[in-house]
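Only one structure is covered here, and it is reproduced in the block below.
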Amino acid sequence: TGASKMTLASDSSFNTIASAQNWPMALANGTVAWGTSDHVWTASVGKASSGKQFPVAFAGGDPQNLALNPTATYVGFTAFNSGGTKDIWDCALGGTTCANTGSGLSAIFMIGAAATSSQYFVVDPADGAIVDHAWGTATWGPFKTGLATLTLLAADSNNLYWGGAGSALIQRVSLLGGTVSNVLTQFDSSTSFLIGFATDGTNVYVTTEAQPSALVYGPVNGCCAPTTLATGTNPSVVVAAGGKVFWVDGNTINGIAAP
């Protein structure tokens, strides 16, 4: 509280930044990354005019599903190729180039990406899978399959967590693979969509479209019904860091101590 606004970057192309759920922005270790219609940018938190545009322009445009690894040395994302499918890309933040895996994922509407120190993960709802990519390589492939339709994705040092598209359900699997476990299943019966999703390694946090819409949470080891942290009108993006939980509700950014 009491902090003044700082402009990290300014460019005429920023009017093309998406406002959808496809994660047009990521934050880790003092670095923020975002996508415009055809480029990826980064900036240093707390450093004015530190914006950096990677010189790669994407054939199909629209970089989405951004995720930074915890040390902010890589940013991963998906982007349409000229054939209309989506490729996984990664950019080494210490350099000026980005690498294309040539993955050609057929899913058009993909919402959900996460990153660990070694891997980038993204949901592939067309194949009911989570796809992974090893930083700094051209390798990619299915990490977990047989997941039906899924959306949203978060990671901590032990697990991946995701939501079911069109169903109020949060599940997890170890980063080592293995059996899928339920985390939260008993959402309020009025819940129509899960909107935003985050974890701090202790709890998972979800913003919901319900009556009323809310920010809710539950322990990562699984429990039963989520607990409400706050109700709202139009809660959307949520992040958890430093013992705090922050979320957007309409044109307001809110914060609360993590439970």
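Everything numeric in this text was worked out from a predicted model, so none of it was measured. One-based numbering along the sequence shown.
- With contacts defined as side-chain heavy-atom distances shorter than 4.5 Å, the pair Phe14/Trp41 qualifies.
- Atoms SG and CG, on Cys98 and Asp90 in that order, are 7.5 Å from each other to the nearest 0.5 Å.
- Between Phe197 and Tyr161, the two ring planes are perpendicular [angle over 60°; tilted spans 30° to 60°].
- Taking the side chain as every heavy atom from C-beta outward, Val45 and Thr31 never approach each other to under 4.5 Å.
- In this structure a side-chain-to-backbone donor-acceptor pair under 3.5 Å is missing from Asp249 to Thr252.
- In this structure, Lys244 fails the cation-pi test against Phe246, since its NZ or CZ atom is not both closer than 6.0 Å to the six-membered ring centre and inside 45 degrees of the ring normal.
- Looking at Phe77 and Asn65, their side chains never come closer than 4.5 Å, going by heavy atoms from C-beta outward.
- Judged purely by atom type and a 3.5 angstrom limit, Ser190 has no side-chain atom pairing as donor or acceptor with the backbone of Ala210.
- Side-chain atoms of His133 come within 3.5 Å of backbone atoms of Thr139 as a donor-acceptor pair (strictly under, hydrogens ignored).
- Between atom CZ of residue Phe54 and atom OG1 of residue Thr96 there is a gap of 8.0 Å, rounded to the nearest 0.5 Å.
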Full working for side chain to side chain donor-acceptor pair (under 3.5 Å) between Glu209 and Ser192: CA-CA 6 Å; Glu209 182 178 304; Ser192 54; 3.1 Å; yes
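- Between Val122 and Met110 the shortest side-chain heavy-atom distance falls below 4.5 Å.
- The backbone N or O of Gln64 lies less than 3.5 Å from no partner atom in the side chain of Lys86, so there is not a single donor-acceptor pair.
- The closest side-chain heavy-atom distance from Phe193 to Thr208 is not below 4.5 Å.
- Among Leu194, Val216, Thr185, the single residue meeting the side-chain contact (heavy atoms from CB on, under 4.5 Å) criterion with Ile170 is Leu194.
- When atom types are taken as modelled, the side chain of Thr199 and the backbone of Asn203 share a donor-acceptor pair closer than 3.5 angstrom.
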Test side-chain contact (heavy atoms from CB on, under 4.5 Å) applied to Thr145 and Asp127, step by step: CA-CA 8 Å; Thr145 59; Asp127 294 322; over 6 Å; no
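- To the nearest 0.5 angstrom, Leu147 atom CG is 7.5 Å from Gln171 atom CD.
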Evaluate Ile130 against Leu153 for side-chain contact (heavy atoms from CB on, under 4.5 Å), listing each step before the verdict. CA-CA 9 Å; Ile130 296 172; Leu153 198 61; 3.9 Å; yes
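- Shown here for Met6 and Gly46, the closest heavy-atom pair between the two residues is SD-C, 3.4 Å.
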Go through it in stages, so that I can follow the logic: the residues are Tyr217 and Val206, the test is side-chain contact (heavy atoms from CB on, under 4.5 Å), and I'd like the CA-CA distance, side-chain angles, deciding distance and then a yes or no. CA-CA 6 Å; Tyr217 78 96; Val206 188; over 6 Å; no
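- Under a 3.5 Å cut-off, the side chain of Arg172 and the backbone N or O of Trp162 do not form any donor-acceptor pair.
- A donor-acceptor pair under 3.5 Å is absent between the side-chain atoms of Asn29 and the main chain of Ala72, judged by distance alone.
- Distance check, rounded to the nearest 0.5 Å: CG of Asn100 to CG of Asp87 gives 4.0 Å.
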Tell me, with the steps shown, if Asn159 and Val173 meet side-chain contact (heavy atoms from CB on, under 4.5 Å). CA-CA 6 Å; Asn159 300 299; Val173 70; over 6 Å; no
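- Listed here is the closest heavy atom pair of Ile111 and Val123: O-CG2, 3.3 Å.
- From Thr207, atom OG1 reaches atom CG of Leu152 across 8.0 Å, with rounding to the nearest 0.5 Å.
- Val245 is listed as a side-chain neighbour of Val238, based on a closest heavy-atom distance under 4.5 Å.
- Looking at Thr116 and Asn69, their side chains never come closer than 4.5 Å, going by heavy atoms from C-beta outward.
- Side-chain atoms of Ser44 never come within 3.5 Å of backbone atoms of Lys47 as a donor-acceptor pair (strictly under, hydrogens ignored).
- To the nearest 0.5 Å, atoms CD1 (Ile88) and OG1 (Thr78) are separated by 8.0 Å.
- The two residues Ser106 and Ala126 make their nearest non-hydrogen contact at OG-CB, 3.9 Å.
- Note: the hydrophobic cluster containing Val32 does not contain Val239 (ILVMFWY, side chain heavy atoms under 4.5 Å, direct or indirect links).
- Side chain of Ser50 to main chain of Ala43: no donor-acceptor pair is present (N/O by atom type, distance under 3.5 Å, no hydrogens or angles).
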List the steps and the verdict of ring-ring contact (aromatic ring centres under 6.0 Å, His included) for Tyr205 and Trp247. CA-CA 10 Å; Tyr205 303 91; Trp247 72 102; 9.8 Å; no
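- Annotation for Leu160 and Ala155: closest pair CD2-CB, 3.7 Å, computed over non-hydrogen atoms.
- Taking both residues in full, the closest heavy atoms of Pro70 and Ser117 are given as CD-N, 3.6 Å, listed atom of the first, atom of the second, then distance.
- Counting all heavy atoms, side chain and backbone alike, Pro63 lies closest to Thr36 at CD-O, 3.2 Å.
- The backbone N or O of Leu184 lies less than 3.5 Å from no partner atom in the side chain of Asn182, so there is not a single donor-acceptor pair.
- Counting only heavy atoms from C-beta outward, the side chains of Phe143 and Phe121 approach each other to under 4.5 Å.
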